[in-house]
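Reading through the structure tokens given below for one structure.
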Amino acid sequence: MSEKRVKLQSTLSGREFPFDIIEEFTADGESLEVVVPEITGAKIRSGRFLWERFADFLPFSSVDSGLSLGEGNTPLLEAGKLLESYTGIRHLLLKNETVNPTWSFKDRGSLFCVRMAKEMKEKITATISTGNMGNSLAAYGARAGLNVLVFVPAFTPSEKILAMNVHGATVIKVDAPDYSLMKNKILGLAKEFSLRIVSGNGPIRVEGYKLTAFEMFEQLNGRVPDFIAVPTSACGHIRGIFKGYRELREAGLIERIPKMIIVQAANNSPVVSAIKQGKNHIIPFSNFKTVAEAITGGNPAGGDEIVQKAHRYGWLAEDVTEEEIIESHQIFARAGFFVEPATATSLWAVKKLRDQGKITPDATVVLMLTGSGLKDMDILRTQPQSTVESSLSTIHADLHRILNRNN
Ligand SMILES: *Cc1c(COP(=O)(O)O)cnc(C)c1O
């Protein structure tokens with residue numbers, strides 16, 4: 001067991017559980033979070049890796065760097081003129097998680113999931129995923145010498161499956177009438193098979209995402225942004241970033257915590273709809289279609305925690321239409337950033353919130369660039385092509401025309 005006296009606590013009712021239980025949620029559906037003792041006395045240490053410098057905040061006494069694929073250390077950049085004028089936000093920053101080893105922020109959580117498997121001396125680890133999560137866990141499993149099982153729904157495109165297979169993961173394609181039904185059935189088998197099935201919102205994964213907050217704290221020299229916009233599905237990412245800032249405040253390292261902005265596609269907005277309607281529970285969505293494939297959790301386990309945190313901490317929530325996602329994707333690309341459609345949602349969302357006056361003009365806003373555009377090229381078919389057809393006999397004349405030069 002871990003040398004620290006770490007435990008898990010349910011996030012709504014505060015019930016306590018042992019750190020090493022295999023389930024990621026309570027039987028009645030609450031998310032669990034890691035409680036590390038004595039956070040109030042936590043200090044930043046020296047060390048080459050984030051997990052060394054912030055070891056006092058983490059459930060593990062150490063992390064073997066041999067498990068890492070070099071995740072994190074991602075750039076925090078000024079968004080630049082085009083995106084600033086598009087959104088009307090002068091202090092707009094981009095946290096570019098697309099440069100992680102498998103091109104999404106999931107890698108930060110996968111490192112901690114394989115670290116946990118090692119702690120528990122497990123030889124095999126599993127997840128249910130249609131994309132980035134399966135890809136990331138497959139890569140980290142390969143690095144750690146673990147067998148990885150990925151359960152995918154039957155509709156998963158073959159390129160996505162290939163990206164998991166290439167690392168040696170066993171992909172199990174499950175025919176089921178509905179993705180949520182499939183998830184529940186498989187999660188129900190975990191105990192019988194002693195199989196730790198990690199989800200996008202598990203307590204250990206969230207500890208990995210917490211490091212993103214610590215990294216931004218260092219990058220901004222201890223300053224705290226006013227808002228952080230996060231495209232949200234399973235809710236693990238947003239909860240990890242927030243937990244990181246909350247713990248920095250508990251440790252007395254910062255005085256205030258940023259407000260989170262929850263962003264979802266209008267066609268699938270179980271969390272955002274609940275917040276806008278003043279409800280305390282998510283509103284499940286099913287049978288929807290959206291180009292934002294990486295954020296298609298229609299009934300996220302533990303989502304109520306995020307709804308209730310939004311009310312309690314005054315977070316913002318906004319949804320965006322398919323047209324808005326496609327336009328944002330294009331604007332990001334024009335600014336030099338090739339992101340997933342799911343990632344693009346945040347641009348229009350903050351633009352709307354700025355137009356409504358919910359974000360003031362002088363606020364500092366961070367957009368989390370969650371995943372790379374290379375993962376999902378279908379959307380490009382909706383965008384204008386600018387290829388010029390030429391040949392050896394016409395190239396001279398063509399260049400004259402393109403460069404607008406007279407003969
Ligand atoms: C997983 C993912 C999200 C959503 O994160 P959650 O932790 O599931 O809320 C957003 N964007 C991309 C690219 C993702 O892969």
Exercise. How long is the gap from CG on L83 to CZ on R334, to the nearest 0.5 Å?
Worked result: 12.5 Å
Exercise. CD/E207 to CZ/R115 distance, rounded to the nearest 0.5 angstrom?
Worked result: 12.5 Å
Exercise. Looking at residues at least two apart in the chain, or sitting in another chain, which of them share a ring-ring contact (aromatic ring centres under 6.0 Å, His included) with Y245?
Worked result: none
Exercise. Would you say I283 and V271 make side-chain contact, with heavy atoms under 4.5 Å?
Worked result: no
Exercise. Would you say T170 and V148 make side-chain contact, with heavy atoms under 4.5 Å?
Worked result: no
For this session: Report yes or no: does R53 contribute a side-chain atom to a donor-acceptor pair with the main-chain N or O of G47 at less than 3.5 Å?
Result: yes
For this session: Check whether more than 12 heavy atoms from other residues, nucleotides or ligands sit under 6.0 Å from atom NZ of K259, and answer yes or no.
Result: no
For this session: Give the intermediate values and the outcome of side chain to side chain donor-acceptor pair (under 3.5 Å) for residues N268 and T296.
Result: CA-CA 7 Å; N268 175 41; T296 46; 5.8 Å; no
Exercise. How far apart are the C-alpha atoms of M116 and F60, what are their side-chain angles, what is the distance that settles it, and do they pass the side-chain contact (heavy atoms from CB on, under 4.5 Å) test?
Worked result: CA-CA 8 Å; M116 185 65 180; F60 303 114; 3.9 Å; yes
For this session: Decide side-chain contact (heavy atoms from CB on, under 4.5 Å) for L32 and F25; before the verdict, give the C-alpha distance in whole Å, the side-chain angles of both, and the deciding distance to 0.1 Å.
Result: CA-CA 6 Å; L32 296 170; F25 301 92; 5.6 Å; no
Problem set entry | Cationic tip of K7 above F17 ring, under 6.0 Å, 45° of axis | no
Exercise. Rounded to the nearest 0.5 Å, how far apart are CD1 of I238 and CG of N201?
Worked result: 11.0 Å
Exercise. Is any side-chain heavy atom of N299 less than 4.5 Å from a side-chain heavy atom of S286?
Worked result: no
Exercise. Just by distance, do the side chain of T127 and the backbone of V198 share a donor-acceptor pair under 3.5 Å?
Worked result: yes
For this session: Step through the shown structure and confirm whether more than 12 heavy atoms of other residues, nucleotides or ligands are within 6.0 Å of CG on D175.
Result: no
Exercise. For atom CG of D28, is the number of surrounding heavy atoms from other residues, nucleotides or ligands below 6.0 Å larger than 12?
Worked result: yes
Exercise. Are side-chain heavy atoms of H91 and V365 found at a separation under 4.5 Å?
Worked result: no
For this session: Enter the distance from K95:NZ to T212:OG1 here, rounded to the nearest 0.5 Å.
Result: 7.0 Å
For this session: Look at the side chain of K118 and the backbone N and O of A144, then say whether any donor-acceptor pair between them is shorter than 3.5 Å.
Result: yes
Problem set entry | CA sep, side-chain torsions, deciding dist, call: S136, N132, side chain to side chain donor-acceptor pair (under 3.5 Å) | CA-CA 6 Å; S136 177; N132 287 337; over 6 Å; no
Exercise. What's the verdict on side-chain contact (heavy atoms from CB on, under 4.5 Å) for V174 and V152, showing C-alpha distance, side-chain angles and the deciding distance?
Worked result: CA-CA 6 Å; V174 184; V152 302; over 6 Å; no
Exercise. Taking atom CG of L12 and atom OG of S31, what is their separation to the nearest 0.5 Å?
Worked result: 6.0 Å
Exercise. Between the side chain of T26 and the main-chain N/O of G29, is any donor-acceptor distance below 3.5 Å?
Worked result: yes
Problem set entry | Under 3.5 Å: donor-acceptor pair, side chain of T125, backbone of E122 | no
Exercise. Are there more than 12 heavy atoms of other residues, nucleotides or ligands under 6.0 Å from atom CD of Q277?
Worked result: yes
For this session: Assess the side chains of S393 and S391: does a donor N or O sit below 3.5 Å from an acceptor N or O?
Result: yes
Exercise. Between R249 and E255, is there a salt bridge with N-O shorter than 4.0 Å?
Worked result: no
For this session: Taking all non-hydrogen atoms of both residues into account, name the closest pair between A154 and K173 and its distance.
Result: O-CE, 3.4 Å
Exercise. Do Y86 and V350 have side-chain heavy atoms sitting under 4.5 Å apart?
Worked result: no
Problem set entry | Within 6.0 angstrom of E38 CD, more than 12 heavy atoms from elsewhere | no
For this session: Ignoring hydrogens and angles, state whether a donor on the side chain of T74 or E97 is under 3.5 Å from an acceptor on the partner side chain.
Result: yes
Exercise. When you check the gap from the basic side-chain N to the acidic O, do K243 and E247 get nearer than 4.0 Å?
Worked result: yes
Exercise. What pairs of residues pass the ring-ring contact (aromatic ring centres under 6.0 Å, His included) test when at least one of them lies in residues 168-216, not counting sequence neighbours?
Worked result: F54-F214, F57-F214, F105-Y209, Y209-H237
For this session: Give a yes or no on this: more than 12 heavy atoms of other residues, nucleotides or ligands lie within 6.0 Å of atom CD of E218.
Result: yes
Problem set entry | Working for side-chain contact (heavy atoms from CB on, under 4.5 Å), residues V366 and F227 | CA-CA 6 Å; V366 177; F227 295 99; over 6 Å; no
Exercise. Side-chain contact, heavy-atom cut-off 4.5 Å: S68 with W51?
Worked result: yes
Problem set entry | Heavy-atom closest pair, residues T343 and G371 | OG1-N, 3.0 Å
Exercise. How about V35 and L8: do any of their side-chain heavy atoms sit closer than 4.5 Å?
Worked result: no
For this session: Kindly give the heavy-atom pair with the smallest separation between A229 and S346, and that separation in Å.
Result: CB-CB, 4.2 Å
For this session: Answer whether the closest heavy-atom distance between the side chains of I241 and M368 falls below 4.5 Å.
Result: yes
Problem set entry | Distance (rounded to the nearest 0.5 Å) between L76 CG and L93 CG | 5.0 Å
Problem set entry | D107 and T102: CA distance, side-chain angles, deciding distance, side chain to side chain donor-acceptor pair (under 3.5 Å) verdict | CA-CA 7 Å; D107 293 340; T102 73; 2.6 Å; yes
Problem set entry | Side-chain donor/acceptor of E33 to backbone N/O of Q9, under 3.5 Å | no
For this session: For Q308 and Y313, test the side chains for any donor-to-acceptor distance below 3.5 angstrom and give the result as yes or no.
Result: no
Exercise. In terms of side-chain heavy atoms, does T290 have a donor or acceptor partner in E293 at a distance below 3.5 Å?
Worked result: no
Exercise. Hey, is NZ on K43 packed in by over 12 heavy atoms from elsewhere, all under 6.0 Å?
Worked result: no
Exercise. Any sub-3.5 Å donor-acceptor pair from R354's side-chain atoms to I89's backbone N or O?
Worked result: no
Seminar exercise, completed: Closest non-hydrogen contact found for S104 with N100 is O-CB, 3.2 Å
Exercise. Counting N and O atoms only, with roles assigned by atom type, does the side chain of R205 sit under 3.5 Å from a partner on the main chain of K106, one being a donor and the other an acceptor?
Worked result: yes
For this session: Taking D64 for its side chain and G66 for its backbone only, find out whether a donor-acceptor pair lies under 3.5 Å.
Result: yes
Exercise. Do we see a donor-acceptor contact under 3.5 Å between the side chains of E30 and S10?
Worked result: yes
Problem set entry | More than 12 heavy atoms from other groups under 6.0 Å of CZ on R256 | yes
Problem set entry | Shortest non-hydrogen contact from I275 toward H311 | O-CE1, 3.8 Å
Problem set entry | Shortest non-hydrogen contact between L92 and L367, atoms and distance | CD1-CG, 4.0 Å
Problem set entry | Exercise: do S199 and E24 side chains pair donor with acceptor under 3.5 Å | yes
Exercise. What pairs with K352 under side-chain contact (heavy atoms from CB on, under 4.5 Å), at least two apart in sequence or on another chain?
Worked result: E318, D319, V320, E324, W348, Q356
Problem set entry | T364 backbone acceptor or donor facing D226 side chain under 3.5 Å | yes
